[in-house]
Amino acid sequence: MRIATWNVNSVNARLENVLAWFEAEAPDVAVLQEIKCVDEKFPTEAFERLGYNVVVHGQKTYNGVALLSKHPVEDVRKGLPLLEGDAEDEQARYVEAVISGPKPVRVVGIYLPNGNPLGTEKFAYKLSWMRRLHEHAKGLLAFEEPLVIAGDYNVIPEVEDVANPEAWLGDALFQPESRGAFRALKNLGFSDAYMQADGSPGGYTFWDYQAGAWPRNLGIRIDHLLLSPQAADILEDVTIHRDERDKEKPSDHVPVVARLAL
DNA sequence: ATGCCGGGTGGAACCCGA
C-alpha cells in the first residue's frame, strides 16, 4: 500500500497537475495540504471518478486539508483536540481516518503552522499546535497499530535537510524550539520514513518560487511521514517526486510517497 | 531575503506562505 503526502498550494489552481499525478501514480491513500477552499469547492467528484473516497476539512482562502483513500474510511476526525486552557482553533490543519484495507492503518494528515515571523503570536501558535499534536499522537501510539502521521510539518529537522542552513537561521522552520518539538514527537516512538528507508542528505521536498530556488536546488525537507513502530516494521520504500517541481504551474512542494507492506 | 513568486480575495492592493 502506498501512502502519499502533498502540499498542493491550492487544489483548484493545481487541479490539472494534481489529477494527472493521481492518474499516473494512483496512491492508495493520500493527504493533501493547503487546499485553500471550503469543502463545497473541493473537486470531490474528480477524485471519486479516480476511485477515491474523499474526506475534506476545508477553510476559505487559507490552510485546508483532505484525505483520499481507495479503501473505505472509518473513525474520521477533523481538527486536532485542544488542550486545557486553549482557545478555539479556527484553522483547518488536521484530518485523521482509519483506512479499512486488507489490514487497517490509521492515516493522519497535518498542515503544521508555519510560525513566521519569530516573536509573534504566529510562532507561539506553531509551538502550541505542536504540543497538541504531541499529546494526541501519544494517545494514538497507545493503540499499538500501524499509524502514519503525514504532512507538511513546516520543520527542517536537521542541518542535512537544508541546502543553505545560514539562510534559515532566523526562520521559524529551523528554530531550536521547532526542531526540538519535532524531535520530541519522534522520540515518542515514531520513525521518520525517509530517514529509515533512504536517509541521504538533500531529500528536499520544498523549493521557494523566488530567487531561483528550484534551478539552484536551494531546497528544504519539511514534508514528512512519521511511522508508528508497527508501521515502521513494514516500510518498504520512500519516493520523493521531485519531477513535479519542474512541471508547468507547479506547487512549491512535491509529493512524498511511502510504501508499506499492507 | 528586506518579499524577487504565486495564490486568494475582490475587483486594487494586500494578506499569506516558508
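Just so it is clear: chains get the letters A, B, ... in the order the sequence lines come, proteins before strands, and each one is counted from 1. Since we're looking at a predicted model, the values are computed, not measured.
Taking atom C1' on both nucleotides, B:dC16 is separated from B:dG10 by 16 Å, rounded to a whole Å.
Residue contacts shown for A:Asn154 are limited to sugar-phosphate atoms, with no base heavy atom under 4.0 Å away. Among the atoms of the strands shown, none is found under 4.0 Å from any heavy atom of A:Ile156. Residue-level contact check: A:Asn63 touches neither bases nor backbone, having no heavy atom under 4.0 Å from any strand. Backbone-only contact: A:Tyr111 has heavy atoms under 4.0 Å from sugar-phosphate atoms and none from a base. At a threshold of 4.0 angstrom between heavy atoms, the contacts of A:Ala167 are confined to the sugar-phosphate backbone, with no base atom among them.
No hydrogens or angles considered: a donor-acceptor pair under 3.5 Å links the side chains of A:Gln33 and A:Thr5.
Between the NZ atom of A:Lys122 and the C1' atom of B:dG17 there is a distance of 9 Å, given to the nearest Å. Atom P of nucleotide B:dT2 and atom CG of A:Leu169 are separated by 13 Å, given to the nearest angstrom. When rounded to the nearest whole Å, the span between CD of A:Gln91 and P of B:dC15 equals 17 Å. Here B:dC16 presents its C1' atom at 17 Å from CD of A:Glu121, a figure rounded to the nearest Å.
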Evaluate the side-chain hydrogen bond (donor to acceptor under 3.5 Å, both in side chains) criterion for residues A:Glu96 and A:His136: first the C-alpha distance (whole Å), next the side-chain angles of each, then the deciding distance (0.1 Å), finally the verdict. CA-CA 11 Å; A:Glu96 169 189 329; A:His136 187 59; 2.9 Å; yes
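Between A:Arg259 and A:Asp237, at least one side-chain nitrogen of the basic residue sits less than 4.0 Å from a carboxylate oxygen of the acidic one, meeting the salt-bridge criterion. Residues A:Asp86 and A:Arg131 are not paired through a salt bridge, judged by the lack of any N-O separation under 4.0 Å between the basic side chain and the carboxylate.
In this structure the side chain of A:Glu16 never reaches within 4.5 angstrom of the side chain of A:Lys249, judged on heavy atoms.
In this pair, A:Tyr153 and A:Phe182 present their aromatic rings perpendicular. The plane angle is above 60°, beyond the 30 to 60° band.
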Can you give one letter per nucleotide of nucleotides 5-13 of chain B, 5' to 3': B if a protein heavy atom sits under 4.0 Å from the base, S if only from the sugar-phosphate, - if neither? BSSSS----
